[in-house]
Structures are given as C-alpha cells and as structure tokens.
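This report refers to the structure that appears directly beneath it.
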Amino acid sequence: MVINKINLLKMLNYYQQQAVTIKHNSVLILAGAGSGKTKVLVHRAAWLTSKYKTDSIVMVTFTNKAANELKSKVNKLVGRQYHFPWIGTFHSLAYKILRINYSVADLPNNFQIIDNNDQIRLIKQIISTNNKYLNIIPNQAMYYINKKKDYGNRPNVLNNSIMEYLYKKYQQLCNRNGLVDFSELLLRSYELLNNNSMILSQYRKQFTNILIDEFQDTSYMQYLWIRKLITSKNNIMVVGDDDQSIYSWRGAQSNNMQIFLHDYPHTNIIKLEENYRSTNNILQAANTLIQHNNIRLKKTLWTKNNNCRDEPIVIYYALDQFDEIKFIIKQIKLVRNAGISLDKCAILYRNNTQSRILEDILIQNNIPYNIYGNVNFFNRREIKNVLAYLRLIHNHDDDISYIRIINVPNRRIGKKTINKIIELANTKNISFWRASNLIIKNNILSTRYNNIINNFLNLIRELYSDVFNKPIYLQLNTIVMNTGLLKMYNHEDKIKNLNNVDNIKELINAAYQFELNYNENKLFLLQSFLTYTNFSIKNNNTSINLMTIHASKGLEFLYVFIIGMEEDNFPSKLSMSINKLEEERRLAYVGITRAINKLFMTYANTKFIYGKKIYCQPSRFIYEISNSILNIKRIYYHDSSN
DNA sequence: TGTCCGAGTTTTTTT
DNA sequence: AACTCGGACA
C-alpha cells in the first residue's frame with residue numbers, strides 16, 4: 001500500500017509525530033481538548049495502512065458520528081479505495097462480531113437490536129402478565145438489568161429477589177425472540193471471545209492494532225472486552241482526557257486510565273497539551289472553569305494563538321426563553337451575513353427538551369437546522385411502525401415488532417385479545433407469532449376475532465413472499481401500500497396537519513441511499529440497514545447544528561452557543577452531590593472547548609417547566625468563569641421592540 | 001370488547 | 001407541555 005510517509009507527518013508537531021509513528025506496543029495518550037487528538041488518530045490509521053491490512057486496524061470511538069467522521073478523514077488521506085471495517089463504536093463492533101459468529105453465540109441469524117424503549121415495552125409486558133411484579137417500575141427494572149449486564153452478571157439462579165426473577169424472565173424472552181439490547185451486545189460478544197479459544201485467537205491474530213478513543217469514558221465491560229483482545233504481539237493505543245469524562249452515569253469509569261497503566265506497566269505515555277482549536281479567551285475560560293474541580297490529573301491547555309484581538313466571550317442575560325433564542329437568531333444572522341456556512345455553528349443545551357422552542361423559532365425565521373439526539377428521525381412513531389413491519393416479516397418471532405403493529409392500522413384487536421395471545425405464548429414459552437398460529441389452529445377465539453388474527457398472519461406471510469428478495473426501499477414501499485399504513489397516515493396528516501407521510505417517504509429514500517452506499521457482504525444488507533436505523537442519525541450539511549453537550553463531544557464549531565445557563569438546569573438540579581457536580585463542570589468544559597472562534601452563553605430569567613413559569617438564577621459556572629481576567633462581554637436584556 | 005377523554009405525572013445526559 | 005394510565009361509555 002503506497003502511502004507517502006513524509007507528507008503524512010508534515011502537518012504534525014513533535015508529540016503528534018511521536019504518537020503517529022511510535023512502535024511501542026502499549027501507548028497511552030493524554031490529550032487535552034483540541035490538541036489534535038482526532039488528527040493523531042486519523043494519521044496513525046493512515047500510517048499503519050502502509051504496513052498493515054485495513055481489516056487488521058481496530059479503532060473504537062464513542063459515537064457513530066465520530067466513527068463516520070474518522071473514517072472519512074482517513075479515507076481522505078489514503079484514498080477512497082480503502083475500507084476500514086473495524087472503525088466504529090464498541091456497540092457496532094460487538095454487533096459485527098456477533099453477526100459473523102451468530103451461531104456460536106447462540107443467536108438466530110436474523111437477530112435484531114432493540115433500543116431502550118423496546119426494552120421498556122418488553123419489561124412492561126412481563127410486569128402486566130404476572131401480578132407478583134405489581135410494584136416494579138419498568139424504568140428501574142431496565143436500569144437493574146442493564147447494570148447487571150454491564151458488570152458481566154447473568155441472572156443468578158440462587159438469587160430469588162423479584163428483580164432477579166424479572167431479569168431471568170426478560171432474558172428468556174429476548175432469547176426466544178432473537179432480540180439483543182445494547183448491554184447484551186457487549187456482554188454476549190465478550191462471552192463469545194471468552195468461551196471460544198479458536199475465535200478469540202483468530203481475532204487476536206487479525207487485530208494487529210487496536211486504538212481506543214475517549215478512553216476515560218469506557219465502562220467496566222468495555223475494558224474487559226479490550227483486554228481480552230490484547231496480547232504481547234499486537235499494538236494497543238488508548239487516548240483519553242480525564243477532564244472530559246462525562247458518562248459516569250452510564251457506567252463509564254475514568255479510572256480505567258490508571259487501571260490500564262497498572263495492567264500494562266510498560267506503557268509509554270505521550271501528552272498532548274498544545275491546543276490548536278480555540279482562541280486564547282476560550283481556552284482561558286475552559287481552564288479557569290475546570291480549576292474548580294478537585295478530582296483531576298492537572299493539566300493546562302495552552303495555545304500559541306495569542307491574538308489580542310480575540311473575540312470576547314459573550315454572556316447574554318435574557319428576560320425569558322423567547323428573548324434568549326431571539327438573541328441567538330440575531331447573532332446567527334450576523335454570522336450568516338458574514339458569509340459563514342451555518343454548519344460551522346452549533347447551539348448546545350443540557351437536555352433534549354430545550355430543543356423544542358429552539359426548533360419553533362428557527363422554523364419561524366427560516367433557518368435550517370440539523371437536530372441530533374432523542375428526537376431522532378428513526379425514533380418517530382410512524383418510522384418505528386413501518387420498520388416494525390419490516391422486522392416482523394423477516395423475523396416472525398420478533399414479539400416487540402409484533403405487539404407494536406398488531407393493531408396498526410386499527411384492526412379492532414384490543415387488550416383482551418392480545419392478552420390471550422401473550423398468555424398462551426408465556427405458558428408454552430413460544431413467540432407471539434407462534435402462539436397466534438396455535439390460537440387460529442385450535443379455534444380458541446370467537447369466529448370474528450379468529451378471522452381478524454388470521455388475516456393479520458396471512459398479511460405478514462404474503463408480505464414476506466412478495467418482497468423478501470427485493471431492494472429494501474421497494475420492500476418498504478410494498479409494506480406501506482399493502483398494510484394500509486400509507487392510507488392511515490395520509491388521513492391522519494390531513495386531519496391533524498402532521499407530516500407522517502413525508503417522513504415515511506424520507507425513510508424510503510434513506511433506505512435507497514443506504515443500499516447504494518453499501519459495500520459489505522450482501523447477506524447482511526437488511527440486518528445492517530435495521531442496525532443503521534437503530535444506531536444512526538440523519539444529517540444534512542448546510543444547516544446549523546442543535547445537540548446536547550454530551551452529543552457534541554469530539555466535535556468542533558467556529559461559533560458555539562450554549563443556552564440555558566441556569567442553576568438547576570446546568571448544573572442539573574439532580575447533580576448536586578460533589579461528584580456529580582464535578583461531572584457537570586466537566587460537561588461545561590466540554591461545551592466551551594467545542595468553540596473555535598467565538599463562544600456565546602445565554603441565561604434566561606424565566607422559563608416554563610412542566611407548563612409552569614419559574615424564575616431562574618444564573619448558573620454558577622458563569623461566575624466561576626468570570627471571576628478571572630477574562631475578556632467577557634455581558635449583555636443584559638434591554639430591547640423589547642424585537 | 002375497544003375507544004376515547006380527562007386526570008395525574010414528570011430521570012438530563014446515550015449506545 | 002407532553003406523556004401515560006384508568007375508567008366511563010359505546
């Protein structure tokens with residue numbers, strides 16, 4: 001493979017070059033925000049490509065967005081002809097390993113990933129069919145199950161607690177239906193490697209180079225997973241920054257960095273502290289803020305970029321949420337008039353609910369936006385319904401999909417009938433699909449309901465034989481036509497002025513695009529598409545970016561607006577213990593260090609929570625920053641005409 | 001037996 | 001504001 005090694009190193013500083021070219025087989029890189037960490041990873045991958053095959057390079061990042069960005073940047077360096085199948089998130093790589101070894105992992109070949117919502121649905125079902133679970137809150141049960149899995153624990157047969165029993169039941173159900181939740185992906189692929197020495201040694205041999213990004217945010221199970229793959233013969237490089245550890249709430253343990261050094265004492269450490277991203281003002285703000293934290297490996301970001309004409313950091317004290325957003329719109333228009341593309345700007349917030357008003361006012365002002373997160377395109381009800389049909393026709397035993405669409409569109413099948421199906425499925429330990437077939441066969445229901453259910457089963461079977469070998473977009477097309485979904489949503493759109501149908505059209509379009517760009521094993525096409533809908537986010541590149549600060553990690557923007565700088569919102573009122581408060585502060589640090597040129601922070605004096613107007617105090621983080629010698633411009637609400 | 005309406009509730013962050 | 005759940009009604 002022909003890579004020009006000299007050119008590759010030209011744009012890097014001494015430490016970055018070290019990191020890219022190092023031959024030592026165990027390396028820890030302590031990389032501050034904006035210190036060119038992504039650049040190092042990208043160049044390292046390109047560097048390795050001159051010596052190793054691309055399918056021997058494993059690169060793990062935290063989000064799919066980051067993984068895609070990494071892939072496309074590496075491809076820019078080494079050329080489009082290379083594919084890096086093992087660049088991805090822990091979950092997507094674990095999925096891939098399970099996909100390939102599904103039968104050894106004891107999974108059906110059409111196993112499907114379920115998200116948290118599906119998990120809750122499943123748990124609710126279990127709870128509702130047995131009154132010994134009466135007092136269990138579904139959310140807590142999910143939390144319990146995921147935590148167990150995250151620490152590698154299968155249901156304990158000796159433990160008779162009600163939660164443990166529910167866990168057992170839940171796992172049985174998942175196994176029966178070929179469903180795998182996020183935690184299960186990691187645990188099961190770990191067990192696969194742990195229990196099968198042949199498979200393990202094959203991957204150990206194949207993966208000559210393992211690189212882990214955002215190492216401070218790895219969990220117990222993820223670290224176990226990594227350690228399984230490390231041998232004395234392959235190269236491991238981990239990259240992290242303890243000041244950016246913001247996922248402890250989902251099991252991340254930033255002390256994995258210390259544990260790693262303990263487990264691999266011969267590790268070489270490289271520090272990257274020079275910041276290439278932000279102006280001096282922005283860095284100072286970040287540094288002064290993070291100094292209020294006690295638990296940290298102290299490190300200070302610095303830059304040669306010492307321009308005295310740096311833009312000041314702007315703090316705007318708004319009257320209310322509307323005023324807050326209007327101010328931002330005004331700034332965005334100024335930026336746009338200066339000829340800067342909106343995709344170089346981002347509006348960041350602490351939690352997803354804050355995006356609602358933002359969206360309304362952006363639409364009013366004709367400003368296009370991309371939104372990331374919970375309100376995910378693939379999470380919309382109409383999209384999930386269409387996809388549930390797609391899943392069900394390819395995996396009849398998928399109970400989640402079955403229950404989701406059995407009465408969509410309305411077939412006059414209600415709770416009573418559904419409960420009969422569930423009960424039979426539970427007593428016989430078979431899927432809902434099989435149970436319904438049994439019900440038809442034995443004429444258990446009245447003729448009327450027998451017919452209704454039978455028609456539904458036939459519909460699914462016919463759909464399968466109509467579409468099974470067609471392109472996905474055509475499958476979707478047939479589904480929405482033949483099930484009556486399209487008709488139903490057309491009607492609903494007219495009455496309630498919604499755009500379900502538009503979204504469905506976009507889904508079909510997305511499927512078309514996906515298939516066009518798909519360049520891996522055709523056998524996995526459908527599964528990959530369904531996985532993509534579970535993992536992925538839509539995106540469009542001339543729009544301003546809206547996302548939570550969590551989602552912004554690893555990204556950078558010329559202009560950054562952080563909204564909702566109020567006590568109880570940021571820091572969240574649920575984070576008032578010392579440890580949690582420090583994590584909130586690190587989150588603020590992450591938000592601030594996303595900015596390249598200019599940073600805005602806004603505070604609203606009043607806002608609506610649960611439909612009630614409340615008064616807010618400015619976030620303590622504002623004061624913690626402004627106590628220094630920073631160049632800050634404070635603007636108080638003064639203009640009521642606009 | 002299914003549907004609809006109104007009362008009651010509200011975990012922040014993600015794969 | 002937006003969701004879920006339970007009970008009255010058709």
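The chains referred to below are lettered A, B, ... by the order of the sequence lines, with proteins before strands, and numbering in each begins at 1.
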Students often get this wrong, so: under 4.0 angstrom with heavy atoms, is K124(A) touching a base, only sugar-phosphate, or nothing? sugar-phosphate
If the cut-off is 4.0 Å, is S572(A) near the phosphate of dT11(B), judged by side-chain N/O to OP1 or OP2? no
Among residues at least two apart in sequence or on other chains, which ones pass ring-ring contact (aromatic ring centres under 6.0 Å, His included) with F62(A)? Y247(A)
CG of N410(A) versus C1' of dC4(B): gap in Å, rounded? 12 Å
Run the salt-bridge test on K573(A) and E567(A) with the 4.0 Å N-O cut-off and return the result as yes or no. no
With a 3.5 Å cut-off and no angle check, do the side chains of Q216(A) and D243(A) form a donor-acceptor pair? no
From CD of Q354(A) over to P of dT13(B), roughly how many Å is that when rounded to an integer? 9 Å
Between Y102(A) and F111(A), is the ring centroid distance below 6.0 Å? no
Regarding K420(A), tell me which of base, sugar-phosphate or nothing describes its non-hydrogen contacts under 4.0 Å with the strands shown. sugar-phosphate
Would one find a side-chain N or O of N352(A) under 4.0 angstrom from OP1 or OP2 of dT14(B)? yes
Start and end of chain A contact along DNA chain C [non-hydrogen atoms, under 4.0 Å]: dA1(C) to dC5(C)
Distance, rounded to the nearest Å, where L348(A) contributes CG and dT14(B) contributes P: 12 Å
Donor-acceptor pair, side chain of N407(A) and main chain of N410(A), under 3.5 angstrom: no
Measure the distance between the ring centre of F90(A) and the centre of the six-membered base ring of dT15(B), then answer whether it is under 5.5 Å with planes under 30°. no
So R412(A), base contact, sugar-phosphate only, or nothing? Heavy-atom distance under 4.0 Å. sugar-phosphate
Check the distance between dT14(B)'s P and L185(A)'s CG and give it to me in whole angstrom. 18 Å
Presence of T548(A) side-chain N/O under 4.0 Å of dT14(B) phosphate oxygens OP1/OP2: yes
Would Q171(A) and N175(A) count as having a side-chain donor-acceptor pair, cut-off 3.5 Å? yes
Heavy-atom closest contact (Y220(A) atom, D150(A) atom, distance): CD2-O, 3.7 Å
Look at all strands and tell whether N139(A) reaches a base, only sugar-phosphate, or nothing, counting heavy atoms closer than 4.0 Å. base
Mind checking if N116(A) touches a base, just sugar-phosphate, or nothing, with heavy atoms under 4.0 Å? base
Of the nucleotides dT15(B), dT14(B), dT10(B), which one has an atom closest to the side chain of A551(A)? dT14(B)
Please state how far atom CE in M547(A) lies from atom C1' in dT14(B), giving the value in whole angstrom units. 14 Å
Mapping S575(A) and Y449(A) onto DNA chain B by nearest heavy atom, which one lands closer to the 5' end? Y449(A)
By a 5.5 angstrom centroid cut-off and a 30 degree plane limit, is there stacking between F62(A) and dT15(B)? no
So which nucleotide from dT13(B), dT15(B), dT10(B) ends up closest to the side chain of T89(A)? dT15(B)
Is the shortest side-chain N to carboxylate O distance from R585(A) to E624(A) below 4.0 Å? yes
Sticking with atom P, work out how far dT13(B) lies from dT4(C), rounded to a whole angstrom. 16 Å
Can you tell me how far P of dT13(B) sits from CD1 of I246(A), to the nearest Å? 13 Å
At 4.0 Å (heavy atoms only), tell me whether I609(A) reaches a base, stays on the sugar-phosphate, or touches nothing. nothing
Strictly below 4.0 Å: does N407(A) bring a side-chain N or O up to OP1 or OP2 of dG2(B)? no
Sequence neighbours excluded, which residues qualify as side chain to side chain contact (heavy atoms under 4.5 Å, CB included) partners of A286(A)? Y589(A), I592(A), T593(A)
Taking atom P of dT13(B) as reference, at what distance in whole Å does atom CG of L587(A) sit? 11 Å
Integer-rounded Å distance: dT15(B) C1' and M142(A) CE: 12 Å
